[in-house]
Amino acid sequence: MTTAPNSEELKLLKDHIESFPDFPSPGILFRDIFSVFRNQSASQALHSLLKSYALSLKGQIDVVFAIESRGFLFGPYIGQVLGIPFVPIRKKGKLPGVVERLEYGLEYGTDCIEVQEDGGKVGQKALIVDDLIATGGSLTASCQLLKTLGVEVVECFVIMELADLNGRQKVPSKVVSLLQF
Ligand SMILES: O=P(O)(O)OC[C@H]1O[C@H](OP(=O)(O)OP(=O)(O)O)[C@H](O)[C@@H]1O
Ligand SMILES: Nc1ncnc2[nH]cnc12
């Protein structure tokens with residue numbers, strides 16, 4: 001981001017992210033983005049932070065991709081602010097039409113992602129959005145997947161970064177996070 005995000009909004013947002021030990025499996029401290037949407041002030045702060053972030057990218061991005069499912073909470077809004085298309089990256093078997101596919105590892109388990117072949121055009125500049133980066137497996141796989149479409153991933157954006165896992169090191173594009181845990 002060219003200008004630093006508003007620190008009061010960041011604090012409000014962080015204060016409303018609930019953490020759940022041992023979910024969905026032992027040893028995982030689950031950071032729940034949905035808890036933000038139960039509080040009006042926190043939800044408005046998130047909205048404002050997203051808008052400022054999106055506007056800082058004006059003119060630099062042609063298409064916004066987001067990762068199922070929690071990335072879908074933010075991708076369409078960022079696309080709206082920038083006036084550019086939003087395209088979903090989904091888990092296997094959910095998208096109709098011709099798709100590109102890739103398998104990847106998670107903090108827990110493995111998964112397989114797909115994107116519609118006509119979701120991005122060769123040479124387009126893309127932003128990928130998600131709620132959280134843990135190991136970086138999902139964003140890394142998404143970057144690889146979009147490479148097969150000939151799309152250039154300029155930046156990846158997440159609300160939360162689990163900094164100890166250093167997932168950003170794995171991701172081949174720049175990663176921007178609003179909050180670090
Ligand atoms: O950096 P990583 O180790 O890849 O982990 C991050 C990913 O894990 C979570 O999604 P999850 O697969 O749990 O799916 P969901 O959003 O559908 O709940 C999260 O929303 C990210 O997409
Ligand atoms: N610790 C965590 N909290 C929420 N979502 C996650 N996805 C992967 N790790 C996660």
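Just follow the structure's listing: the first ligand is 1, and inside any ligand the first atom is 1. Values reported hereafter were calculated over all heavy atoms of this structure, with side chains retained and with hydrogens, waters and symmetry mates removed. Small disclaimer: the values here were computed from a predicted structure and weren't measured.
Note that Lys174 lies outside the cation-pi zone of Phe157, set by a 6.0 Å cut-off to the ring centre and a 45° limit from the axis.
Between Tyr77 and His47, the distance separating the two ring centers is shorter than 6.0 angstrom. Note: Phe23 and Phe30 meet the aromatic proximity criterion, with ring centroids under 6.0 Å apart.
Taking hydrophobic clusters as Ile, Leu, Val, Met, Phe, Trp and Tyr residues chained together by side-chain heavy-atom distances below 4.5 Å, Val171 shares a cluster with Val153.
Close contacts between ligand 1 and Gly136 involve ligand atoms 1 (O), 2 (P), 3 (O) [criterion: under 4.0 Å to a heavy atom]. Contact atoms of ligand 1 toward Glu68: 16 (O), 17 (O) (distance under 4.0 Å to a heavy atom of the residue). Taking a cut-off of under 4.0 Å to the non-hydrogen atoms of Leu132, the atoms of ligand 2 that pass are 3 (N), 4 (C), 5 (N), 6 (C), 7 (N), 8 (C), 9 (N), 10 (C). For ligand 1 and Gly137, the ligand atoms under 4.0 Å from any heavy atom of the residue are 1 (O), 2 (P), 4 (O). For ligand 2, the atoms lying closer than 4.0 Å to a non-hydrogen atom of Leu29 are 1 (N), 2 (C), 3 (N). With ligand atoms numbered from 1 in the order given, ligand 2 contributes 8 (C), 9 (N) to contacts under 4.0 Å with heavy atoms of Ala134.
Atoms OG1 and NZ, on Thr140 and Lys170 in that order, are 5.5 Å from each other to the nearest 0.5 Å.
Using modelled atom types and a 3.5 Å distance limit, the side chains of Ser35 and Glu18 yield no donor-acceptor pair.
On a distance-only criterion, Leu162 and ligand 2 share no N/O pair closer than 3.5 Å. Polar contact with ligand 1: absent for Leu139 (N/O pair, distance under 3.5 Å). Note: an N/O pair closer than 3.5 Å links Arg31 and ligand 2 by distance alone.
Salt bridge present: Arg101 and Glu114 bring a charged side-chain N and a carboxylate O closer than 4.0 Å.
Under 4.0 angstrom from ligand 1, the non-hydrogen atoms of Asp131 all belong to its side chain.
Judged by the shortest distance from any of its heavy atoms, Asp130 lies inside the 4.0 Å radius around the atoms of ligand 1. Residue Arg70 places a heavy atom less than 4.0 Å from ligand 2.
Among Met160, Lys91, Arg90, the residue whose heavy atom lies closest to atom 14 (O) of ligand 1 is Lys91.
Counting heavy-atom neighbours within 6.0 Å of Lys91 NZ, excluding the residue itself, gives a total above 12.
Looking at Asp22, its side chain never comes within 3.5 Å of a backbone N or O of Ser25 through a donor-acceptor pair.
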